[in-house]
There are 2 protein chains.
Amino acid sequence: MPPRRTPRSLAKAPLVRDPVRPRGTARARVLAFVREQLAAGAPPTVREVQRALGFKAVESARQHLEALVAEGKLAKEPGRSRGYRLPMGGTPLPQVRLVPQLGRVQAGGLREAIEDPDGWLAVEGLQCDEELFALTVRGESMTGAGILPGDVVVVRRQDTARDGEIVVALVRDEATVKRLRLRDGQVVLQPENPAFAPLVFAPAVSGPDTEIRILGRVVEVRRRLA
Amino acid sequence: MPPRRTPRSLAKAPLVRDPVRPRGTARARVLAFVREQLAAGAPPTVREVQRALGFKAVESARQHLEALVAEGKLAKEPGRSRGYRLPMGGTPLPQVRLVPQLGRVQAGGLREAIEDPDGWLAVEGLQCDEELFALTVRGESMTGAGILPGDVVVVRRQDTARDGEIVVALVRDEATVKRLRLRDGQVVLQPENPAFAPLVFAPAVSGPDTEIRILGRVVEVRRRLA
DNA sequence: GATTTAAGCAGACAAATGACTGTTTTGTCA
DNA sequence: TGACAAAACAGTCATTTGTCTGCTTAAATC
């Protein structure tokens with residue numbers, strides 16, 4: 001809705017469009033067009049469907065859309081503009097959240113790395129106020145916990161953690177994944193691989209000034225196979 | 001904390017130092033919300049941003065959105081409702097796809113189970129024409145491959161697989177995850193745990209009539225930690 | 001030929017949505 | 001403190017957008 005300042009020529013500007021090409025029934029072409037628009041970033045309005053299909057009346061497009069909803073080939077979010085979606089069989093849609101995926105984390109540069117991520121990861125079912133990021137695991141020190149090199153870990157940003165939790169810690173300017181152990185006033189980063197030795201630190205409380213700094217807790221592990 | 005970028009009034013930028021804001025600035029949270037909505041299927045309206053961020057005025061949300069466009073972190077299609085997109089130069093959003101998550105797979109009931117899933121999983125970067133589903137792993141037979149009980153595997157539906165791939169196979173009315181080995185005309189389902197024995201089958205080609213039937217190939221492994 | 005049915009058309013209206021103007025609050029710094 | 005700017009707020013309006021009602025046309029059906 002570009003009010004006063006926006007020229008109308010821009011307002012009517014193109015969609016992902018194809019000229020008139022009667023392929024399939026009108027209804028099938030409506031469905032195909034909605035799918036294209038959804039893939040292109042946003043579902044279309046009824047009038048965009050009308051123009052794309054060459055209808056002379058808005059209602060023609062709307063009838064096709066409603067018919068597709070009745071057939072179960074489309075879903076609709078009532079009361080919203082551009083409310084047509086792909087049907088999900090009645091089960092509720094997961095709450096998807098995008099999490100920045102970081103390449104390399106340097107000392108102190110966590111915040112900068114989050115600001116300029118290498119990519120984005122879709123994660124579900126997590127609190128909206130949690131600060132999350134994702135890292136790719138290097139090394140085989142956690143294979144015993146089912147975390148292999150190349151796996152992606154989703155990390156909840158926090159400065160402290162409890163005994164037994166798997167954390168991402170910054171040790172000597174390098175981020176590593178280990179299991180945290182708190183014993184006798186010591187902080188131990190415990191690998192889950194007999195070939196690796198635990199890292200033991202003195203202070204029981206981590207902070208910006210200590211040798212070790214906890215960046216966060218691992219809340220999810222992902223692995224892509226080929 | 002490092003100095004923030006200067007988003008506003010670039011002409012006067014040198015004189016005015018940017019104030020240090022609390023962790024999740026409002027503008028950053030607006031950007032995150034738009035990204036999430038785009039991943040969920042459609043960009044939000046200005047008023048949806050307003051409600052999500054808790055603004056009491058629509059204009060507050062709109063100013064943030066326009067500022068993000070000026071910063072180049074968002075793009076806008078003028079003249080359209082829900083016209084905010086990601087800029088072409090930025091990091092691309094993952095193409096999120098929803099995959100049905102199945103509870104228990106009975107013999108022959110895969111198609112029915114897919115039709116009526118227990119839930120949906122957001123998966124990215126996969127071909128749109130692939131038929132995918134998700135399963136929860138039972139048993140410890142694949143711990144050596146980093147697949148633990150309770151993990152969720154994303155499976156690409158296919159009847160055959162190649163040697164060495166991790167597959168989901170239907171054996172005696174039960175779906176199991178194993179590594180596939182094809183040797184000397186035999187089909188071997190190889191566990192990755194010394195405590196388990198491989199399952200050996202005669203025919204090199206699986207089908208509806210044989211003892212074993214391959215349901216698909218594991219393409220992703222996920223594990224949630226508390 | 002009359003009836004029915006489906007598809008499309010035309011126009012109108014109300015709600016949703018984007019945008020504008022002006023005011024108030026809030027935080028920073030001289 | 002007071003000046004200043006950014007941010008947030010409140011209210012209003014224009015455009016878009018969904019939806020409704022009634023009408024026309026064409027094909028199928030009896």
Side-chain angles (χ1 to χ4, degrees), chain A residues 1-13 15 20 22 24-30 34 37 42-71 74-85, chain B residues 1 3-22 24-31 34 37 42-71 74-85:
Chain A
M1 291 126 201
R4 297 152 219 188
R5 296 296 178 81
T6 312
R8 186 157 314 211
S9 53
L10 274 183
K12 300 298 181 183
L15 307 172
V20 182
T25 72
R27 185 151 309 170
R29 289 195 296 142
V30 168
V34 173
Q37 294 298 307
T45 66
V46 178
R47 281 169 177 82
E48 285 170 354
V49 174
Q50 173 206 347
R51 285 195 294 271
L53 274 288
F55 290 127
K56 292 176 184 172
V58 192
E59 187 61 15
S60 305
R62 206 182 75 90
Q63 281 179 5
H64 279 297
L65 288 169
E66 289 303 318
L68 286 166
V69 171
E71 291 177 37
L74 277 184
K76 186 168 108 164
E77 299 205 20
R80 303 203 188 297
S81 66
R82 303 175 184 269
Y84 293 95
R85 304 294 148 84
Chain B
M1 257 352 55
R4 290 212 138 9
R5 313 157 311 292
T6 0
R8 43 202 162 271
S9 64
L10 294 176
K12 307 174 184 176
L15 291 184
V16 180
R17 210 185 64 170
D18 243 354
V20 178
R21 296 200 217 85
T25 70
R27 185 150 309 168
R29 290 199 298 146
V30 168
L31 181 56
V34 174
Q37 293 300 304
T45 67
V46 179
R47 280 170 179 82
E48 284 170 354
V49 174
Q50 174 207 347
R51 283 192 294 271
L53 274 288
F55 289 128
K56 292 176 183 172
V58 192
E59 187 60 16
S60 305
R62 209 184 72 89
Q63 281 179 6
H64 280 297
L65 288 168
E66 290 302 318
L68 286 166
V69 170
E71 291 177 41
L74 278 183
K76 188 167 96 162
E77 299 207 21
R80 296 214 154 78
S81 66
R82 303 173 184 271
Y84 293 95
R85 305 294 149 85

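We name chains A, B, ... by the order of the sequence lines, and we start the count at 1 in each one.
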Check nucleotides 8-12 of chain C against the protein and report each pair of N or O atoms closer than 3.5 Å, with its distance, or say if there are none.
residue: C/dG8; atom: OP2; partner: A/His64; partner atom: NE2; Å: 2.4
residue: C/dC9; atom: OP2; partner: A/Lys56; partner atom: N; Å: 3.0
residue: C/dC9; atom: OP2; partner: A/Ser60; partner atom: OG; Å: 3.3
residue: C/dA10; atom: OP2; partner: A/Lys56; partner atom: O; Å: 3.3

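Following rounding to the nearest Å, B/Glu77 (CD) and C/dA19 (C1') show an atom-to-atom distance of 18 Å. Separating the CZ atom of A/Arg82 from the C1' atom of D/dT16 is a distance of 9 Å, rounded to the nearest angstrom. Atom P of nucleotide D/dA14 and atom CZ of B/Arg62 are separated by 16 Å, given to the nearest angstrom. The nearest whole Å value for the distance from the CG atom in A/Leu68 to the C1' atom in D/dG18 is 17 Å. Residue A/Tyr84 contributes atom OH, which lies 13 Å from atom P of D/dT17 at whole-angstrom precision. Rounded to an integer number of Å, the gap from B/Arg29 CZ to D/dA7 C1' is 14 Å. Whole-Å rounding puts the A/Glu48 CD to D/dT15 C1' distance at 14 Å. Summarising the geometry, the separation between CG on A/Leu65 and P on D/dT19 is reported as 9 Å, rounded to the nearest angstrom.
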Derivation and outcome, side chain to side chain contact (heavy atoms under 4.5 Å, CB included), residues A/Gln37 and A/Arg82: CA-CA 10 Å; A/Gln37 294 298 307; A/Arg82 303 175 184 269; over 6 Å; no
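Looking only at side-chain heavy atoms (C-beta outward), A/Pro43 and A/Arg85 come within less than 4.5 Å of each other. Annotation: side chain of B/Glu66 is in contact with side chain of B/Tyr84 (closest heavy-atom distance under 4.5 Å).
If you take CG on A/Leu65 and NZ on A/Lys76, they are separated by 8.5 Å, rounding to the nearest 0.5 Å. Interatomic distance, A/Thr45 OG1 to A/Gln50 CD, rounded to the nearest 0.5 Å: 9.0 Å.
The two residues B/Val34 and B/Leu74 have their closest heavy-atom pair at CG1-CD2, 3.9 Å.
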